Every structure is written in C-alpha cells, then in structure tokens.
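Worth saying up front: this structure is predicted, and the values here are computed from it rather than measured.
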Amino acid sequence: MARPLPLLLLLLPVLLAGLLSCPGAMASYPPNCAQYGKYMCPRDYHPVCGTDGETYGNECVLCLANREDNTHIEIVRKGHC
C-alpha cells in the first residue's frame with residue numbers, strides 16, 4: 001500500500017514556492033480609493049504591489065490605474081513586488 005503522506009511532504013515546498021511566485025494567488029485587499037481625488041495623486045512614494053504583479057508608486061496611483069483602465073487590481077502587500 002502506498003503512503004501518500006511522505007509524498008505530500010516532499011511536494012509541499014514546491015507547491016508553496018509556486019504560490020508565492022504568483023502575486024495573484026496571494027491574499028489581497030482592495031485599495032481605499034474613496035480617500036483620493038479622481039484625477040491627481042499625491043507625489044509621495046509609498047509603493048504597493050498589485051495583484052497584476054506591478055509595483056505602483058502609492059495606493060492612489062493604483063486607484064488611478066484601475067479607474068483609467070477599468071480594472072480591479074488589488075493590493076497584495078505594501079512595498080515592491
């Protein structure tokens with residue numbers, strides 16, 4: 001009889017590495033776009049990583065990109081992708 005548990009334990013690091021390399025597979029949250037204007041963003045640099053794998057200069061820039069491109073990109077984490 002085969003033992004699936006040792007095989008699963010061997011494959012677990014490979015599966016986790018695959019998930020971590022794909023930004024869209026990670027938990028994300030929507031940006032708070034209500035706090036920003038519709039056409040201009042502050043020039044401060046507080047990068048956020050979007051679910052599309054791109055780094056945006058700040059949350060407002062991500063909101064602006066969503067509005068202009070009619071997309072629904074969320075934030076994976078604060079900082080660079």
For this session: Apply side chain to side chain contact (heavy atoms under 4.5 Å, CB included) to Glu68 and list each qualifying residue two or more places apart in sequence or on a separate chain.
Result: Leu64
Exercise. Would the SG atoms of Cys33 and Cys63 measure under 2.5 Å apart?
Worked result: yes
For this session: Search all heavy atoms of Thr71 against all heavy atoms of Ala65 and return the closest pair with its distance.
Result: OG1-O, 3.9 Å
Seminar exercise, completed: Value for OG1 (Thr51) from CZ (Arg77), rounded to nearest 0.5 Å, stands at 12.0 Å
Exercise. So with a 6.0 Å cut-off around OH of Tyr29, is the heavy-atom count from everything else above 12?
Worked result: yes
For this session: With sequence neighbours excluded, tell me which residues meet side chain to side chain donor-acceptor pair (under 3.5 Å) with Glu59.
Result: Gln35, Tyr36
Exercise. If you take all heavy atoms of Cys81 and Gly50, which pair is closest and at what distance?
Worked result: SG-N, 3.9 Å
For this session: State which residues pass side chain to side chain contact (heavy atoms under 4.5 Å, CB included) with His80; sequence neighbours excluded, sorted by chain then number.
Result: Tyr45, Pro47, Thr55
For this session: Would you check if Ile73 and Leu62 make a side-chain contact, meaning some heavy-atom pair closer than 4.5 Å?
Result: yes
For this session: Would you check if Ser28 and Ile75 make a side-chain contact, meaning some heavy-atom pair closer than 4.5 Å?
Result: no
For this session: Answer yes or no: is there a donor N or O on one side and an acceptor on the other, between the side chain of Asn58 and the main chain of Asp44, under 3.5 Å?
Result: yes
